[in-house]
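Residue numbering restarts at 1 for every chain, and letters A, B, ... go by the order of the sequence lines.
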There are 2 protein chains.
Amino acid sequence: MTDELDRVDRQILKILQREGRIPNVELAERVGLSPTATGERLRRLQKDGVITGFGARLDPHLLGLNLLVFVEVSLDKTTPDAFARFAAAVRRAPEVLECHMVGGGFDYLVKARVADMPAYRRFLGEGLLSLPGVNNTRTYAVMEEVKSDGVLPL
Amino acid sequence: MTDELDRVDRQILKILQREGRIPNVELAERVGLSPTATGERLRRLQKDGVITGFGARLDPHLLGLNLLVFVEVSLDKTTPDAFARFAAAVRRAPEVLECHMVGGGFDYLVKARVADMPAYRRFLGEGLLSLPGVNNTRTYAVMEEVKSDGVLPL
DNA sequence: TCGTTTCGCCGCCGATCCTGCGGCAAACCG
DNA sequence: CGGTTTGCCGCAGGATCGGCGGCGAAACGA
């Protein structure tokens with residue numbers, strides 16, 4: 001079923017990571033296969049879950065989202081379902097782009113985009129701090145995005 | 001040229017963020033416009049830079065990248081070009097998915113994916129710590145990815 | 001008010017692209 | 001060695017794309 005990924009598969013993935021809307025025929029001639037074989041590989045990569053989907057990359061600033069922040073969140077360990085409740089709430093919050101449970105000095109690292117500082121104040125107060133079990137937060141505002149593509153190495 | 005994004009534009013963006021490879025005709029009937037008008041809007045959104053590109057979302061674990069880490073990096077402020085040199089090196093490193101310059105207790109927050117702990121040890125020692133000007137690092141290993149889509153709110 | 005311009009949308013149509021089908025050759029296996 | 005599997009190809013019908021001309025409504029100015 002799930003074999004090791006072929007060299008052509010990796011090439012397909014590498015191309016599709018950056019040019020997700022490329023037509024199949026052009027993808028085919030770039031990897032040196034026929035469109036039929038290439039389309040077959042693409043379909044298989046999706047069915048096997050290697051490719052989980054396709055998406056457009058948007059410019060946040062042109063959408064009015066000018067502030068990117070990372071928030072370190074610490075939870076009260078007392079309530080046992082605090083983690084589940086926090087995770088569920090975070091998944092519902094549209095400002096939260098990512099949220100990771102980490103090991104170390106705090107519990108969750110949250111990445112969020114908002115319009116500006118007032119909007120972040122609102123998000124912090126009404127969104128994060130009002131969640132039950134949130135003990136402490138520490139905010140880092142991003143001054144410059146050095147690298148943002150998030151392209152996986154192949 | 002100058003762009004107030006109208007309601008249909010936002011709907012297009014919202015759909016394309018999650019289904020970037022949807023054919024134009026289906027996109028058209030979902031937003032209630034003709035394929036021609038929809039394609040015209042899509043082209044305009046790309047030309048104006050709102051849509052910066054399209055990409056496939058891949059499953060890191062199926063590619064053998066089982067460890068996600070965040071690294072807080074502090075630089076020596078002594079050398080003036082240390083920041084530029086660090087940024088350039090980070091852009092070249094394939095393991096680094098994101099790198100942000102932040103204000104607060106440290107200078108850069110790095111998000112990286114590697115195969116496992118030994119691979120991270122190698123990346124830390126030969127990649128990050130060997131860069132000139134790197135003063136101190138603090139690593140947080142991700143135990144659970146609560147939210148990873150990175151979809152912008154519209 | 002009314003003619004003119006502009007803008008966004010539509011329908012049309014040739015070119016392009018997609019996808020299921022049959023065939024073929026190499027690899028695999030009992 | 002014969003049969004099966006696997007991956008690829010070419011083909012063809014149907015779907016999709018993208019450029020072109022036209023149309024109606026809103027904006028504009030005299």
Side-chain angles (χ1 to χ4, degrees), chain A residues 1-65 149 151-154, chain B residues 1-65 149 151-154:
Chain A
M1 183 178 305
T2 165
D3 313 353
E4 261 328 293
L5 266 57
D6 185 331
R7 185 151 301 272
V8 180
D9 286 329
R10 289 184 132 65
Q11 202 177 348
I12 289 176
L13 294 178
K14 195 184 298 188
I15 293 174
L16 285 181
Q17 268 199 298
R18 303 186 188 271
E19 302 164 64
R21 222 178 150 82
I22 184 181
N24 189 42
V25 282
E26 187 182 340
L27 179 64
E29 63 192 29
R30 280 223 235 158
V31 301
L33 255 56
S34 76
T36 313
T38 309
E40 182 60 26
R41 280 170 182 265
L42 204 166
R43 199 188 54 80
R44 197 197 69 226
L45 287 169
Q46 295 191 79
K47 197 193 59 185
D48 291 351
V50 182
I51 298 178
T52 61
F54 292 89
R57 280 184 290 269
L58 309 185
D59 183 334
H61 302 291
L62 291 181
L63 296 171
L65 300 169
D149 48 16
V151 169
L152 297 182
L154 292 173
Chain B
M1 175 193 308
T2 169
D3 24 326
E4 260 332 290
L5 291 167
D6 89 0
R7 189 149 303 273
V8 179
D9 286 328
R10 292 190 128 75
Q11 202 177 350
I12 289 177
L13 295 177
K14 195 184 296 187
I15 294 174
L16 286 180
Q17 267 199 299
R18 302 184 189 273
E19 302 163 64
R21 222 179 152 81
I22 184 179
N24 189 42
V25 282
E26 188 182 338
L27 179 63
E29 61 193 31
R30 280 224 235 158
V31 302
L33 255 56
S34 77
T36 312
T38 309
E40 182 60 26
R41 280 169 182 265
L42 203 166
R43 198 187 54 80
R44 197 197 69 224
L45 287 169
Q46 294 191 78
K47 197 194 60 184
D48 292 351
V50 182
I51 298 178
T52 61
F54 291 89
R57 280 185 289 270
L58 309 184
D59 184 334
H61 302 290
L62 291 181
L63 296 170
L65 300 169
D149 47 19
V151 168
L152 297 182
L154 292 174

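Atom CD in B/E29 sits roughly 12 Å away from atom C1' in D/dA15 (whole-Å rounding). Distance CZ (B/R44) to P (D/dG18): 16 Å, rounded to an integer number of Å. Nucleotide D/dC9 holds its C1' atom 13 Å from the CD atom of A/E40, rounded to whole Å. Rounded to whole Å, the distance from CG on B/D6 to C1' on D/dA26 is 15 Å. Rounding to whole angstrom units, CG of residue B/L42 and P of D/dT16 are separated by 16 Å. A/E26 has its CD atom 20 Å from the P atom of C/dA15, to the nearest Å. If you measure from atom CG of B/N24 to atom C1' of C/dC10, you get 14 Å, rounded to the nearest angstrom. One interatomic measurement links the two molecules: CG of B/L33 to P of C/dC9, which rounds to 5 Å at whole-angstrom precision.
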>> One pair to check against side chain to side chain contact (heavy atoms under 4.5 Å, CB included): A/L13 and B/L63. What are the steps and the verdict?
In response: CA-CA 10 Å; A/L13 294 178; B/L63 296 170; 3.9 Å; yes
>> Could you walk me through whether A/R44 and A/E40 satisfy the salt bridge (charged side-chain N to carboxylate O under 4.0 Å, His left out) test, starting with their C-alpha distance in whole Å, then the side-chain angles of each, then the deciding distance to 0.1 Å, before giving a yes or no?
In response: CA-CA 6 Å; A/R44 197 197 69 226; A/E40 182 60 26; over 6 Å; no
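Between the side chain of A/T36 and the base of D/dG10, a donor-acceptor pair under 3.5 Å is found.
Listed nucleotides: D/dC17, C/dC18, D/dC9. Nearest to the side chain of A/V25: C/dC18.
In this structure, A/R21 and A/A37 both approach DNA chain D, and ranking their closest nucleotides by distance from the 5' end singles out A/A37.
Heavy atoms of A/R43 sit nowhere under 4.0 angstrom from any nucleic acid atom.
Between B/V25 and B/E29, every side-chain heavy-atom pair lies at or beyond the 4.5 Å cut-off.
Contact between the side-chain N/O atoms of A/R41 and the OP1/OP2 oxygens of D/dG7 is not found at any separation under 4.0 Å.
The line from CZ of A/R21 to CD of A/E26 is 13.5 Å long, rounded to the nearest 0.5 Å.
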